[in-house]
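Everything on this sheet refers to the single structure shown next.
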Amino acid sequence: MTVTSTTKLFTKAVLRHDVPAAALRAVLVPEGAAARAATSHHLVWTLFGDAPDRERDFLWREHAPGQFYLLSDREPADRHGLFDLSPAKAFAPSLTIDDKLAFELRANATVARGGAPGVRGKPSDIVMDAIHRVPAGERAAARADVLDRVAMDWMNRQGDRAGFSVDSLEVVAYSTPQLDRSRERAGAKFGVLDLRGQLRVRDPELFVDALGRGFGRAKAFGCGLMLVRRV
């Protein structure tokens with residue numbers, strides 16, 4: 001396969017277990033999803049931050065504590081000796097209309113609320129937005145139905161824009177990590193949906209392009225990378 005300037009590269013990065021990385025593991029892989037999201041944000045950036053003014057041109061996802069999947073425009077470079085990197089593989093799937101794919105997606109899914117006419121409103125987490133519209137005494141009982149409904153609605157909107165339709169969807173988990181106030185984006189809190197299911201490709205070119213750009217927000221903190229495989 002010929003790698004062109006527009007071809008993405010897929011890499012697996014695993015924190016090394018030898019010294020000195022092992023000695024720092026408690027710092028590099030802290031307990032708790034929120035702490036790991038903030039630390040991992042900085043760790044993964046070391047693989048691509050070759051210049052002070054470099055803009056992010058990669059997506060990433062935590063596969064397991066200390067293990068990451070990367071989708072990037074450039075090959076990652078471990079300048080600090082922290083990672084074992086798999087050989088970068090060209091990510092250029094050959095898809096046709098009606099291909100069926102299983103997918104996994106960790107997403108910060110939002111909806112715009114409160115904007116003036118003609119002005120996009122402030123992003124709001126889709127789950128909290130929907131739950132706050134349910135009477136306070138009914139929210140606990142309605143939570144599961146709200147999660148399923150808003151997740152499917154959001155995925156359908158993504159599909160309309162990205163050339164796919166959703167055949168099935170499961171909400172694996174939902175959390176609202178709050179980043180440590182001493183870290184990046186002090187006190188930032190965002191919703192994270194872990195989704196899996198099956199989709200059908202409607203526009204292969206549009207879909208592959210969307211895979212490279214990612215879905216939803218908070219991409220700097222490990223959201224947006226959709227993993228797919230044929231079924």
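These numbers come from the heavy atoms of this one structure, side chains and all, not from hydrogens, waters or symmetry mates. For clarity, every value in this text was computed on a predicted model and none was experimentally measured.
Environment of CZ in Arg202: crowded, with over 12 heavy atoms of neighbouring residues, nucleotides or ligands closer than 6.0 Å.
Side chains of Asp57 and Ser72 form no contact here, defined as non-hydrogen atoms less than 4.5 Å apart. The shortest distance between side-chain heavy atoms of Phe103 and Leu169 falls below 4.5 Å. The shortest distance between side-chain heavy atoms of Val150 and Asp129 does not fall below 4.5 Å. Counting heavy atoms from C-beta outward, Val228 and Phe207 have side chains that approach closer than 4.5 Å. Here the side chains of Phe215 and Met155 are not in contact, with every heavy-atom distance at 4.5 Å or above. When side chains are defined from C-beta on, Ile131 counts as touching Arg143, because their heavy atoms get closer than 4.5 Å. With contacts defined as side-chain heavy-atom distances shorter than 4.5 Å, the pair Thr96/Val201 does not qualify. Residues Leu15 and Leu43 have side chains in contact (heavy-atom distance under 4.5 Å, counting atoms from C-beta outward).
Between the Asn108 side chain and the Val192 main chain, no donor and acceptor come within less than 3.5 Å of each other. Checking side-chain atoms of Arg16 against main-chain N and O of Gly81 turns up a donor-acceptor pair under 3.5 Å. Between the side chain of His41 and the backbone N or O of Ala220, at least one donor-acceptor pair lies under 3.5 Å. At distances below 3.5 Å, at least one donor-acceptor pair connects side-chain atoms of Ser86 with backbone N or O atoms of Lys12. Looking at Arg139, its side chain does come within 3.5 Å of a backbone N or O of Val134 through a donor-acceptor pair. The closest donor-acceptor contact from the side chain of Ser168 to the backbone of Gln198 lies under 3.5 Å.
Between atom CG of residue Leu101 and atom CG of residue Leu95 there is a gap of 5.5 Å, rounded to the nearest 0.5 Å. Considering CD of Glu205 and CG of Asp203, their distance stands at 7.0 Å, rounded to 0.5 Å. Rounded to the nearest 0.5 angstrom, Arg196 CZ and Leu227 CG are separated by 13.0 Å. Here Leu9 contributes atom CG and Arg74 contributes atom CZ; the two are 10.5 Å apart, rounded to the nearest 0.5 Å. Interatomic distance, NE2 of His63 versus OH of Tyr69, reported as 3.5 Å (0.5 Å rounding). In this structure, CG on Leu193 lies 6.5 Å from CG on Leu147, to the nearest 0.5 angstrom.
Using the six-membered ring where Trp is involved, Phe48 and Phe58 have ring planes that are parallel, under 30° apart on the 30 and 60° scheme. Taking the six-membered ring where tryptophan is involved, the planes of Phe68 and Trp60 are perpendicular, since the angle between them exceeds 60° and thus also 30°.
Put simply, the residue from Met226, Lys219, Lys8 that forms a side-chain contact (heavy atoms from CB on, under 4.5 Å) with Leu59 is Lys219.
Salt-bridge formation is detected for the pair Arg213/Asp209: a Lys NZ or Arg NE/NH1/NH2 atom is positioned less than 4.0 Å from an Asp or Glu carboxylate oxygen.
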Evaluation steps, salt bridge (charged side-chain N to carboxylate O under 4.0 Å, His left out), between Asp99 and Arg200: CA-CA 6 Å; Asp99 275 353; Arg200 191 183 303 266; over 6 Å; no
